[in-house]
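Order of the sequence lines fixes the chain letters, A, B, ..., with proteins taken first and strands second; residue numbering starts at 1 for each chain. Only a predicted model underlies this, so the values are computations on that prediction, with no experimental measurement involved.
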Number of protein chains: 2
Amino acid sequence: MDFTTILSALAEPNRLKIVELLRKGPLTVGEISDQLHIRQPQASKHLRVLNKAGVVEFTVDANRRIYMLRSEPFTSLDLWLKEYRDIWEEKFDNLDRYLQDLQIRENKENDN
Amino acid sequence: MDFTTILSALAEPNRLKIVELLRKGPLTVGEISDQLHIRQPQASKHLRVLNKAGVVEFTVDANRRIYMLRSEPFTSLDLWLKEYRDIWEEKFDNLDRYLQDLQIRENKENDN
DNA sequence: AAGGAATATTCTTGTCAAGGAATATATCAA
DNA sequence: TTGATATATTCCTTGACAAGAATATTCCTT
(Lines give C-alpha, C1' and ligand atoms only; values in the text may rest on other atoms or scores of the structure.)
Protein backbone atom coordinates (compact mmCIF):
# COMPACT_ATOMS: atom_id res chain seq x y z
CA MET A 1 0.00 0.00 0.00
CA ASP A 2 1.42 3.35 -1.05
CA PHE A 3 2.40 5.65 1.75
CA THR A 4 0.94 8.78 0.23
CA THR A 5 -2.29 6.89 -0.33
CA ILE A 6 -2.52 6.20 3.38
CA LEU A 7 -1.73 9.82 4.18
CA SER A 8 -4.31 11.30 1.84
CA ALA A 9 -6.88 8.84 3.15
CA LEU A 10 -6.25 10.16 6.63
CA ALA A 11 -5.97 13.79 5.56
CA GLU A 12 -9.69 14.23 5.03
CA PRO A 13 -11.33 15.47 8.25
CA ASN A 14 -14.33 13.14 8.20
CA ARG A 15 -12.19 10.16 7.41
CA LEU A 16 -9.85 10.98 10.25
CA LYS A 17 -12.88 11.16 12.51
CA ILE A 18 -13.97 7.75 11.30
CA VAL A 19 -10.56 6.37 12.20
CA GLU A 20 -10.79 7.99 15.61
CA LEU A 21 -14.16 6.35 16.12
CA LEU A 22 -12.93 2.95 15.05
CA ARG A 23 -10.10 3.19 17.51
CA LYS A 24 -12.59 2.34 20.22
CA GLY A 25 -13.86 -0.68 18.33
CA PRO A 26 -15.59 -1.94 15.18
CA LEU A 27 -18.69 -0.15 13.94
CA THR A 28 -21.31 -0.50 11.25
CA VAL A 29 -21.77 2.07 8.53
CA GLY A 30 -24.96 3.30 10.12
CA GLU A 31 -23.35 3.81 13.48
CA ILE A 32 -20.54 5.75 11.88
CA SER A 33 -22.78 8.02 9.85
CA ASP A 34 -24.91 8.62 12.95
CA GLN A 35 -22.08 9.48 15.27
CA LEU A 36 -20.44 11.72 12.70
CA HIS A 37 -23.67 13.39 11.63
CA ILE A 38 -23.00 12.70 7.99
CA ARG A 39 -25.27 11.01 5.48
CA GLN A 40 -24.94 7.31 4.90
CA PRO A 41 -23.68 7.52 1.30
CA GLN A 42 -20.84 9.81 2.32
CA ALA A 43 -19.91 7.44 5.12
CA SER A 44 -19.86 4.56 2.64
CA LYS A 45 -17.74 6.56 0.24
CA HIS A 46 -15.25 7.55 2.88
CA LEU A 47 -15.05 3.98 4.08
CA ARG A 48 -14.38 2.89 0.55
CA VAL A 49 -11.41 5.22 0.34
CA LEU A 50 -10.13 4.06 3.70
CA ASN A 51 -10.55 0.47 2.63
CA LYS A 52 -8.69 0.99 -0.62
CA ALA A 53 -5.87 2.59 1.31
CA GLY A 54 -5.78 -0.43 3.59
CA VAL A 55 -6.71 1.56 6.65
CA VAL A 56 -9.90 -0.34 7.40
CA GLU A 57 -11.36 -3.73 6.64
CA PHE A 58 -14.82 -5.12 7.23
CA THR A 59 -16.68 -8.31 7.88
CA VAL A 60 -20.10 -8.94 6.48
CA ASP A 61 -22.92 -9.54 8.89
CA ALA A 62 -25.90 -10.26 6.68
CA ASN A 63 -27.37 -6.93 5.91
CA ARG A 64 -24.54 -4.89 7.36
CA ARG A 65 -20.84 -4.49 7.25
CA ILE A 66 -18.82 -4.05 10.36
CA TYR A 67 -15.77 -1.93 9.74
CA MET A 68 -12.63 -2.04 11.83
CA LEU A 69 -9.12 -0.68 11.70
CA ARG A 70 -6.28 -2.62 10.16
CA SER A 71 -2.93 -2.55 11.89
CA GLU A 72 -0.74 -2.34 8.83
CA PRO A 73 -1.00 1.38 8.03
CA PHE A 74 -0.20 2.24 11.61
CA THR A 75 2.88 0.07 11.75
CA SER A 76 3.79 1.52 8.40
CA LEU A 77 3.44 5.06 9.71
CA ASP A 78 5.42 4.21 12.79
CA LEU A 79 8.19 2.68 10.75
CA TRP A 80 8.40 5.76 8.59
CA LEU A 81 8.38 8.01 11.60
CA LYS A 82 11.22 6.08 13.21
CA GLU A 83 13.54 7.31 10.49
CA TYR A 84 12.93 10.84 11.65
CA ARG A 85 13.45 10.11 15.29
CA ASP A 86 16.84 11.78 15.49
CA ILE A 87 15.25 14.87 14.07
CA TRP A 88 12.25 15.13 16.32
CA GLU A 89 14.14 14.03 19.37
CA GLU A 90 16.42 16.94 18.51
CA LYS A 91 19.57 15.08 19.41
CA PHE A 92 21.43 17.60 17.36
CA ASP A 93 20.89 21.25 16.68
CA ASN A 94 19.26 21.91 13.34
CA LEU A 95 20.95 25.22 12.97
CA ASP A 96 24.38 23.80 13.58
CA ARG A 97 23.83 21.18 10.96
CA TYR A 98 22.61 23.79 8.56
CA LEU A 99 25.68 25.90 8.96
CA GLN A 100 27.97 22.93 8.49
CA ASP A 101 26.20 21.84 5.35
CA LEU A 102 26.16 25.35 4.01
CA GLN A 103 29.89 25.56 4.54
CA ILE A 104 30.41 22.36 2.58
CA ARG A 105 28.31 23.54 -0.31
CA GLU A 106 29.96 26.94 -0.54
CA ASN A 107 33.34 25.22 -0.72
CA LYS A 108 32.12 22.98 -3.50
CA GLU A 109 31.03 26.02 -5.45
CA ASN A 110 34.46 27.58 -5.14
CA ASP A 111 35.96 24.44 -6.64
CA ASN A 112 34.27 25.13 -9.97
CA MET B 1 -1.18 23.34 13.80
CA ASP B 2 -4.11 21.25 12.62
CA PHE B 3 -3.43 17.57 12.31
CA THR B 4 -5.20 17.13 8.98
CA THR B 5 -3.22 20.08 7.66
CA ILE B 6 0.01 18.24 8.43
CA LEU B 7 -1.32 15.08 6.86
CA SER B 8 -2.42 16.70 3.62
CA ALA B 9 0.87 18.55 3.42
CA LEU B 10 2.65 15.20 3.54
CA ALA B 11 0.14 13.44 1.32
CA GLU B 12 1.37 15.05 -1.87
CA PRO B 13 4.11 12.88 -3.47
CA ASN B 14 6.52 15.69 -4.29
CA ARG B 15 6.14 17.20 -0.88
CA LEU B 16 6.80 13.87 0.77
CA LYS B 17 9.92 13.59 -1.34
CA ILE B 18 11.00 17.03 -0.18
CA VAL B 19 10.59 15.91 3.41
CA GLU B 20 12.60 12.78 2.69
CA LEU B 21 15.33 14.92 1.22
CA LEU B 22 15.39 17.30 4.15
CA ARG B 23 15.76 14.37 6.51
CA LYS B 24 19.39 14.22 5.51
CA GLY B 25 19.90 17.92 6.17
CA PRO B 26 18.90 21.46 5.23
CA LEU B 27 18.70 22.40 1.56
CA THR B 28 18.12 25.44 -0.59
CA VAL B 29 15.16 25.72 -2.95
CA GLY B 30 17.41 25.23 -5.94
CA GLU B 31 18.94 22.08 -4.57
CA ILE B 32 15.51 20.68 -3.86
CA SER B 33 14.11 21.45 -7.27
CA ASP B 34 17.23 19.99 -8.87
CA GLN B 35 17.23 16.76 -6.94
CA LEU B 36 13.51 16.28 -7.44
CA HIS B 37 13.56 17.23 -11.11
CA ILE B 38 10.78 19.73 -10.65
CA ARG B 39 10.73 23.38 -11.66
CA GLN B 40 11.74 26.00 -9.16
CA PRO B 41 8.31 27.63 -8.82
CA GLN B 42 6.70 24.31 -7.96
CA ALA B 43 9.37 23.67 -5.37
CA SER B 44 8.70 27.07 -3.85
CA LYS B 45 4.98 26.43 -3.83
CA HIS B 46 5.34 23.06 -2.17
CA LEU B 47 7.69 24.52 0.39
CA ARG B 48 5.14 27.19 1.10
CA VAL B 49 2.52 24.58 1.86
CA LEU B 50 4.94 22.63 4.03
CA ASN B 51 5.87 25.81 5.83
CA LYS B 52 2.26 26.76 6.48
CA ALA B 53 1.65 23.32 7.88
CA GLY B 54 4.63 23.78 10.17
CA VAL B 55 6.55 20.93 8.63
CA VAL B 56 9.50 23.03 7.50
CA GLU B 57 11.11 26.30 8.41
CA PHE B 58 13.86 28.28 6.75
CA THR B 59 16.64 30.71 7.40
CA VAL B 60 17.55 33.43 5.01
CA ASP B 61 21.03 33.42 3.58
CA ALA B 62 21.22 36.54 1.42
CA ASN B 63 19.89 35.50 -1.89
CA ARG B 64 18.67 32.10 -0.83
CA ARG B 65 16.59 30.38 1.73
CA ILE B 66 17.73 27.26 3.44
CA TYR B 67 14.87 25.01 4.34
CA MET B 68 14.94 22.43 7.09
CA LEU B 69 12.54 20.17 8.90
CA ARG B 70 10.79 21.21 12.06
CA SER B 71 10.41 18.65 14.82
CA GLU B 72 6.92 19.55 15.93
CA PRO B 73 4.86 17.77 13.27
CA PHE B 74 6.80 14.60 13.83
CA THR B 75 6.29 14.59 17.56
CA SER B 76 2.69 15.41 16.86
CA LEU B 77 2.34 12.44 14.54
CA ASP B 78 4.07 10.19 17.02
CA LEU B 79 1.79 11.31 19.81
CA TRP B 80 -1.25 10.59 17.72
CA LEU B 81 0.09 7.23 16.71
CA LYS B 82 0.72 6.27 20.30
CA GLU B 83 -3.01 6.19 20.91
CA TYR B 84 -3.30 3.43 18.35
CA ARG B 85 -0.49 1.37 19.73
CA ASP B 86 -2.73 -1.27 21.26
CA ILE B 87 -4.31 -1.68 17.87
CA TRP B 88 -1.23 -2.00 15.75
CA GLU B 89 0.60 -4.05 18.31
CA GLU B 90 -2.40 -6.34 18.08
CA LYS B 91 -2.48 -7.04 21.74
CA PHE B 92 -6.02 -8.21 21.22
CA ASP B 93 -7.78 -9.92 18.40
CA ASN B 94 -9.81 -7.54 16.29
CA LEU B 95 -12.28 -10.20 15.37
CA ASP B 96 -12.89 -11.18 18.96
CA ARG B 97 -13.59 -7.61 19.86
CA TYR B 98 -15.88 -7.22 16.91
CA LEU B 99 -17.93 -10.22 17.93
CA GLN B 100 -18.21 -9.00 21.49
CA ASP B 101 -19.29 -5.56 20.42
CA LEU B 102 -21.74 -6.98 17.95
CA GLN B 103 -23.25 -9.10 20.70
CA ILE B 104 -23.70 -6.04 22.87
CA ARG B 105 -25.38 -4.09 20.15
CA GLU B 106 -27.74 -6.87 19.16
CA ASN B 107 -28.85 -7.17 22.79
CA LYS B 108 -29.48 -3.46 22.96
CA GLU B 109 -31.67 -3.72 19.91
CA ASN B 110 -33.75 -6.47 21.50
CA ASP B 111 -34.38 -4.22 24.48
CA ASN B 112 -36.39 -1.81 22.31
C1' DA C 1 -43.74 -12.69 -2.50
C1' DA C 2 -43.50 -7.91 -0.50
C1' DG C 3 -41.89 -4.40 2.20
C1' DG C 4 -38.30 -2.57 4.81
C1' DA C 5 -33.59 -1.92 6.48
C1' DA C 6 -28.58 -1.41 5.60
C1' DT C 7 -25.29 -0.33 2.43
C1' DA C 8 -23.19 0.76 -2.09
C1' DT C 9 -23.10 3.15 -6.48
C1' DT C 10 -23.96 6.63 -9.97
C1' DC C 11 -24.48 11.23 -11.59
C1' DT C 12 -24.00 16.00 -11.07
C1' DT C 13 -22.08 20.15 -9.34
C1' DG C 14 -18.94 23.14 -7.02
C1' DT C 15 -14.49 23.74 -4.95
C1' DC C 16 -9.73 23.27 -4.49
C1' DA C 17 -5.15 22.04 -5.59
C1' DA C 18 -1.22 21.19 -8.78
C1' DG C 19 1.47 22.25 -12.78
C1' DG C 20 2.96 25.49 -16.52
C1' DA C 21 4.31 29.94 -17.98
C1' DA C 22 5.34 34.38 -17.09
C1' DT C 23 6.70 37.85 -14.05
C1' DA C 24 8.10 40.15 -9.75
C1' DT C 25 11.44 40.75 -5.97
C1' DA C 26 15.73 40.66 -3.70
C1' DT C 27 20.63 40.13 -3.54
C1' DC C 28 25.18 39.55 -5.24
C1' DA C 29 29.09 40.55 -8.48
C1' DA C 30 31.55 43.24 -11.71
C1' DT D 1 24.52 50.79 -12.07
C1' DT D 2 23.83 46.67 -14.65
C1' DG D 3 23.42 42.04 -15.24
C1' DA D 4 22.93 37.63 -13.23
C1' DT D 5 21.22 34.48 -9.75
C1' DA D 6 17.82 32.71 -6.35
C1' DT D 7 13.36 32.64 -4.94
C1' DA D 8 8.46 33.94 -4.66
C1' DT D 9 4.08 35.16 -6.69
C1' DT D 10 0.35 35.53 -10.04
C1' DC D 11 -2.63 33.90 -13.58
C1' DC D 12 -4.50 30.23 -16.11
C1' DT D 13 -6.02 25.63 -17.09
C1' DT D 14 -6.99 21.12 -15.86
C1' DG D 15 -8.00 17.27 -12.95
C1' DA D 16 -9.37 15.36 -8.56
C1' DC D 17 -12.47 15.13 -4.90
C1' DA D 18 -16.30 15.83 -1.67
C1' DA D 19 -21.19 16.54 -0.92
C1' DG D 20 -26.00 16.02 -2.39
C1' DA D 21 -29.64 13.54 -4.50
C1' DA D 22 -31.34 9.64 -6.46
C1' DT D 23 -31.13 4.87 -7.25
C1' DA D 24 -29.46 0.07 -7.03
C1' DT D 25 -28.38 -4.09 -4.35
C1' DT D 26 -28.68 -7.31 -0.75
C1' DC D 27 -30.73 -9.46 2.99
C1' DC D 28 -34.15 -9.96 6.60
C1' DT D 29 -38.94 -10.31 8.23
C1' DT D 30 -43.59 -11.33 7.81
Open item on the list: Between A:Arg64 (side chain only) and A:Val29 (backbone N and O only), is there a donor and an acceptor less than 3.5 Å apart?
Closed with: no

Open item on the list: Using OP1 and OP2 only, check whether a side-chain N or O of A:His46 sits under 4.0 Å from D:dC17.
Closed with: no

TODO: Could you tell me which non-hydrogen atom of A:Gly30 sits nearest to which non-hydrogen atom of A:Ser33, and how far apart they are?
DONE: O-OG, 3.1 Å

Open item on the list: Applying a 3.5 angstrom cut-off to the pairing atoms, does DNA chain D sit in any stems of at least three consecutive Watson-Crick or G-U pairs? List them by first number.
Closed with: C:1-30 with D:1-30

Open item on the list: Heavy atoms within less than 4.0 Å of DNA chain D: which residues of residues 33-43 of chain B have one? Give them sorted by number.
Closed with: B:Gln40, B:Pro41

Task: Distance below 4.0 Å between A:Arg48 side-chain N/O and C:dT9 OP1 or OP2 - done: yes

Open item on the list: Looking at A:Asp61 and A:Arg65, is any side-chain nitrogen of the basic one under 4.0 Å from a carboxylate oxygen of the acidic one?
Closed with: no

TODO: Please list, chain by chain and in numerical order, all residues satisfying side chain to side chain donor-acceptor pair (under 3.5 Å) with A:Thr4, sequence neighbours excluded.
DONE: A:Asp2

Task: B:Arg65 side-chain N/O to D:dA8 phosphate OP1/OP2 under 4.0 Å - done: yes

Please list each protein N or O that sits under 3.5 Å from an N or O in nucleotides 25-30 of chain D, with the distance.
residue	atom	partner	partner atom	Å
D:dT26	O2	A:Asn63	OD1	3.4

Open item on the list: Any heavy-atom pair between the side chains of A:Val60 and A:Ile66 that's under 4.5 Å?
Closed with: no

TODO: Describe the nucleic acid contact of B:Tyr67 in one word from base, sugar-phosphate, nothing, applying a heavy-atom distance below 4.0 Å.
DONE: sugar-phosphate

Open item on the list: Can you tell me which nucleotide in D:dA19, C:dT7, D:dA8 comes closest to the side chain of A:Thr28?
Closed with: C:dT7

Below 3.5 Å, can you tabulate the donor-acceptor pairs from side chains in residues 11-22 of chain A to any protein atom, sequence neighbours excluded?
residue	atom	partner	partner atom	Å
A:Glu12	OE1	A:Asn14	N	2.9
A:Glu12	OE1	A:Arg15	N	3.0
A:Arg15	NE	A:Ala9	O	2.7
A:Arg15	NH1	A:His46	ND1	3.2
A:Arg15	NH2	A:Ser8	O	3.3
A:Glu20	OE1	B:Tyr84	OH	3.0
A:Glu20	OE2	B:Trp80	NE1	3.0

Task: B:Lys45 side chain, from C-beta outward: closest of C:dA21, D:dA19, D:dA8 - done: C:dA21

Open item on the list: Set out, in order, the CA-CA distance, both residues' side-chain angles and the distance that settles side chain to side chain contact (heavy atoms under 4.5 Å, CB included) for B:Thr28 and B:Glu31, then state yes or no.
Closed with: CA-CA 5 Å; B:Thr28 67; B:Glu31 291 169 325; 3.2 Å; yes

Open item on the list: Among residues 10-21 of chain B, which ones have heavy-atom contacts with DNA chain C below 4.0 Å?
Closed with: B:Glu12, B:Asn14, B:Arg15

